[in-house]
Amino acid sequence: MKKYILIFLLLPLFIFSQKDSKEDFEVKKFQKELNEEYLNPKETPLRGDNFTNFKAHPFFPIDSKYRVTAKFAKTENAEPFELPTSSGKTKSYREYGKATFELDGKSYTLTLYQSLALIKQKKYKDYLFLPFRDATNEKETYGGGKYMDLTIPKGNTIVLDFNKSYQPYCAYNAYDYNCPIVPEENKLPVEIRAGVMYEDIYHH
């Protein structure tokens with residue numbers, strides 16, 4: 001009887017750890033696929049010695065603190081606008097909505113966008129683009145900020161997993177790529193110690 005009571009008591013812990021493991025598994029899958037992309041000569045933004053020497057990205061340790069459920073509010077009647085890019089050109093986007101979340105007891109809001117070019121493609125019709133900056137930029141991460149890829153949420157919440165944030169191609173190859181610049185409204189005054197780091201990536 002005692003054995004069954006113990007199993008019953010441990011079951012919620014097991015379910016909880018399984019849930020955590022699933023989310024961490026998704027992050028590890030993201031990391032693996034990102035490394036594979038950079039190692040693939042047909043997909044990589046790296047050129048020359050940078051490609052030859054690349055082994056893998058350095059990542060911050062996976063931290064559930066940076067996996068937050070945000071309140072999502074869709075922006076109604078958003079007008080298309082031109083987002084400046086690293087090359088001095090612009091790309092067409094539309095504000096899709098705002099995500100408000102708490103981190104260390106403080107509330108922050110980030111704006112999510114849709115690329116007007118990408119939503120014309122069927123596989124990207126639900127794609128949302130989240131560019132952001134934080135206090136790790138120019139120290140442990142790329143000075144221009146980081147990106148996150150999301151999909152349109154079903155309800156009024158959206159999960160932001162900063163463990164899946166990555167740096168734009170321009171962080172590795174500023175000559176061949178034209179990357180959207182993070183808007184002022186998406187600059188966070190806190191450190192987001194999650195996702196891809198910007199150390200000497202080519203020799204890891």
Taking the side chain as everything from C-beta on, heavy atoms only, tell me whether Thr75 gets closer than 4.5 Å to Leu112. no
* Taking a hydrophobic cluster as the set of Ile, Leu, Val, Met, Phe, Trp and Tyr residues connected by side-chain heavy atoms closer than 4.5 Å, whether directly or through intermediates, do Tyr108 and Phe132 fall within one such cluster? -> yes
Heavy-atom closest pair (Ala99 atom, Leu160 atom, distance to 0.1 Å) is CB-CD1, 4.1 Å
*Before accepting this row, confirm whether a basic side-chain N of the pair Lys65/Asp104 lies closer than 4.0 Å to the acidic partner's carboxylate O.*
yes
All heavy atoms of Gln167 vs all of Met197, minimum pair found to be NE2-O, 3.4 Å
Could you label the plane-to-plane angle of the Phe129 and Tyr113 rings as parallel, tilted or perpendicular, counting under 30° as parallel and over 60° as perpendicular? tilted
Kindly indicate whether the side chain of Val159, heavy atoms from C-beta on, has any atom under 4.5 Å from the side chain of Val68.
no
Quick one: do Arg193 and Glu140 make a salt bridge, cutoff under 4.0 Å?
-> yes
What verdict does the salt bridge (charged side-chain N to carboxylate O under 4.0 Å, His left out) test give for Lys22 and Glu26, after you've listed the backbone C-alpha separation in whole Å, the side-chain angles of each residue and the deciding distance to 0.1 Å?
CA-CA 6 Å; Lys22 184 187 171 200; Glu26 288 297 318; over 6 Å; no
Rounded to the nearest 0.5 angstrom, the CD-OG1 distance for Glu185 and Thr111 is 3.5 Å
Margin query: I'd like to know if Arg47 pairs up with Asp176 as an ion pair, taking the criterion as any Lys NZ or Arg NE/NH1/NH2 lying under 4.0 Å from an Asp or Glu carboxylate oxygen.
Written below: yes
>> Would you say that Leu128 contacts Thr151 through its side chain, given a criterion of any heavy-atom pair below 4.5 Å between the two side chains?
In response: no
Heavy-atom nearest pair, Tyr177 first then Thr44, reads OH-O, 3.9 Å
Would you confirm whether Lys139, through its side chain, and Ala135, through its main-chain N or O, come within 3.5 Å as a donor-acceptor pair?
-> yes
Between the OG1 atom in Thr52 and the CG atom in Asn50, the distance rounded to the nearest 0.5 Å is 8.5 Å
**Study point:** Donor-acceptor contact present, side-chain Thr85 to main-chain Pro180, <3.5 Å
**Key:** no
**Request:** Taking atom NZ of Lys187 as the centre, report whether more than 12 heavy atoms of other residues, nucleotides or ligands fall under 6.0 Å from it.
**Result:** yes
Basic-acidic side-chain contact under 4.0 Å: Lys91, Glu82
no
Output for pair (Phe162 CZ, Leu130 CG), nearest 0.5 Å, gives 6.5 Å
Criterion side chain to side chain contact (heavy atoms under 4.5 Å, CB included) on Ile181 and Leu83, from CA distance to verdict: CA-CA 7 Å; Ile181 293 170; Leu83 187 59; 5.9 Å; no
- Salt bridge present between Asp24 and Lys29 (N-O < 4.0 angstrom): no
Quiz item: Is there a chain of hydrophobic side chains (I, L, V, M, F, W, Y, each step under 4.5 Å between heavy atoms) that links Leu150 to Tyr124?
Solution: no
Counting distance only, does the side-chain N/O of Asp134 pair as donor-acceptor with the main-chain N or O of Ile192 below 3.5 Å?
yes
When rounded to the nearest 0.5 Å, the distance separating CD of Glu79 from CG of Asn77 is 8.0 Å
*asked:* Any non-hydrogen side-chain atom of Arg94 less than 4.5 Å from a side-chain atom of Leu116?
replied: yes
Any side-chain heavy-atom pair of Thr136 and Tyr198 under 4.5 Å: no
query = Would Thr69 and Thr157 count as having a side-chain donor-acceptor pair, cut-off 3.5 Å?
reply = no
Trace of the side chain to side chain contact (heavy atoms under 4.5 Å, CB included) decision for Ile62 with Arg67: CA-CA 9 Å; Ile62 297 171; Arg67 184 184 298 125; 4.0 Å; yes
Smallest heavy-atom separation, Leu46 atom then Tyr172 atom, equals CD2-CB, 3.6 Å
Quiz item: Does the side chain of Tyr127 reach to within under 4.5 Å of the side chain of Tyr96, using non-hydrogen atoms?
Solution: no
**Request:** Could you check whether the rings of Tyr147 and Tyr166 sit parallel, tilted or perpendicular, using 30° and 60° as the cut-offs?
**Result:** perpendicular
Scanning both residues in full, the closest heavy-atom pair of Ser165 with Met148 reads CA-CG, 3.9 Å
Given salt bridge (charged side-chain N to carboxylate O under 4.0 Å, His left out), test Lys164 with Glu33 step by step and report yes or no. CA-CA 11 Å; Lys164 295 182 185 176; Glu33 288 174 354; over 6 Å; no
Scanning both residues in full, the closest heavy-atom pair of Asn163 with Pro61 reads OD1-O, 4.1 Å
Taking it one step at a time, do Thr141 and Val196 satisfy side chain to side chain contact (heavy atoms under 4.5 Å, CB included)? CA-CA 7 Å; Thr141 58; Val196 182; over 6 Å; no
Next on the checklist: Parallel, tilted or perpendicular, judged at 30° and 60°: which one describes the rings of Phe59 and Phe30?
Outcome noted: perpendicular
If you define the side chain from C-beta out and look only at heavy atoms, does anything of Pro183 sit under 4.5 Å from Pro131? yes
Would Lys98 and Thr109 satisfy side-chain hydrogen bond (donor to acceptor under 3.5 Å, both in side chains), going step by step from the backbone distance to the final call? CA-CA 7 Å; Lys98 292 188 182 292; Thr109 298; over 6 Å; no
- Message: So that I can tick it off, tell me whether Lys32 and Glu36 are bridged by a salt bridge, with the cut-off set at under 4.0 angstrom between side-chain N and carboxylate O.
- Response: yes
**Message:** Starting from Leu118, can I reach Val182 by hopping between I/L/V/M/F/W/Y residues whose side chains sit under 4.5 Å apart?
**Reply:** no
Ile119 with Phe72, same ILVMFWY side-chain cluster at under 4.5 Å
no
Quick one, Ile152 and Gln114 - any side-chain contact, counting heavy atoms below 4.5 Å? yes
Between Leu103 and Leu188, is the side chain to side chain contact (heavy atoms under 4.5 Å, CB included) condition met? List the steps.
CA-CA 11 Å; Leu103 195 62; Leu188 296 171; over 6 Å; no
